[in-house]
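Throughout, residue positions are numbered sequentially from 1 according to the sequence presented.
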Amino acid sequence: MPSTDATACPHCGWPDRGKPFRVLSRHTTATGHTEWTRCGCGSLQVRVADCRGTRVVSRSGPAARSGAAGH
């Protein structure tokens, strides 16, 4: 996953400071917590929350969509 300095998802434009579509997991760290989230477009994101605020530090491309439902 590439690192990001953007303030919005480059795939769909959803603001990084907006609430993520879905939180997949949250892990406590010594300085705050790390969240693995999924954007509305399917992009997997890693968010870090610490004394500097919450920011997306890495993201994937949108999830591939299959042509057949359920496959």
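- Side chains of Thr7 and Arg17 form no contact here, defined as non-hydrogen atoms less than 4.5 Å apart.
- In terms of hydrophobic clustering, with Ile, Leu, Val, Met, Phe, Trp and Tyr side chains grouped at heavy-atom distances under 4.5 Å, Val23 and Val56 are assigned to different clusters.
- Contact annotation: the side chain of Pro10 approaches that of Arg59 to within less than 4.5 Å [non-hydrogen atoms, C-beta and beyond].
- Within the model, atoms CZ of Arg22 and CZ of Arg38 stand 6.0 Å from one another, a figure rounded to the nearest 0.5 Å.
- Between Cys41 and Cys9 the shortest side-chain heavy-atom distance falls below 4.5 Å.
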**OP:** Please test Leu44 against Trp36 for side-chain contact (heavy atoms from CB on, under 4.5 Å), starting from the C-alpha separation and ending with a verdict.
**Re:** CA-CA 7 Å; Leu44 183 63; Trp36 286 80; 3.8 Å; yes
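- Counting heavy atoms from C-beta outward, Val57 and Thr34 have side chains that stay 4.5 Å or more apart.
- Taking CD of Gln45 as the reference point, atom CH2 of Trp14 lies at 11.0 Å (rounded to 0.5 Å).
- Atoms CZ and OG, on Arg47 and Ser58 in that order, are 12.5 Å from each other to the nearest 0.5 Å.
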Original post:
Passes side-chain contact (heavy atoms from CB on, under 4.5 Å), Cys12 versus Cys39? Steps please.
Top reply: CA-CA 9 Å; Cys12 70; Cys39 185; 3.5 Å; yes
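- Here the shortest heavy-atom pairing between Thr54 and Ala49 reads OG1-CB, 3.4 Å.
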Subject >> Criterion side-chain contact (heavy atoms from CB on, under 4.5 Å) on Arg55 and Asp50, from CA distance to verdict >> reply: CA-CA 9 Å; Arg55 61 206 175 279; Asp50 57 19; 3.0 Å; yes
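- Checked by atom type, the side-chain pair Ser25/His27 shows a donor-acceptor distance below 3.5 Å.
- Taken together through direct or relayed side-chain contacts under 4.5 Å among Ile, Leu, Val, Met, Phe, Trp and Tyr, Val46 and Leu24 form part of one hydrophobic cluster.
- Between His11 and Gly61, the closest heavy-atom pair is NE2-CA, 3.5 Å.
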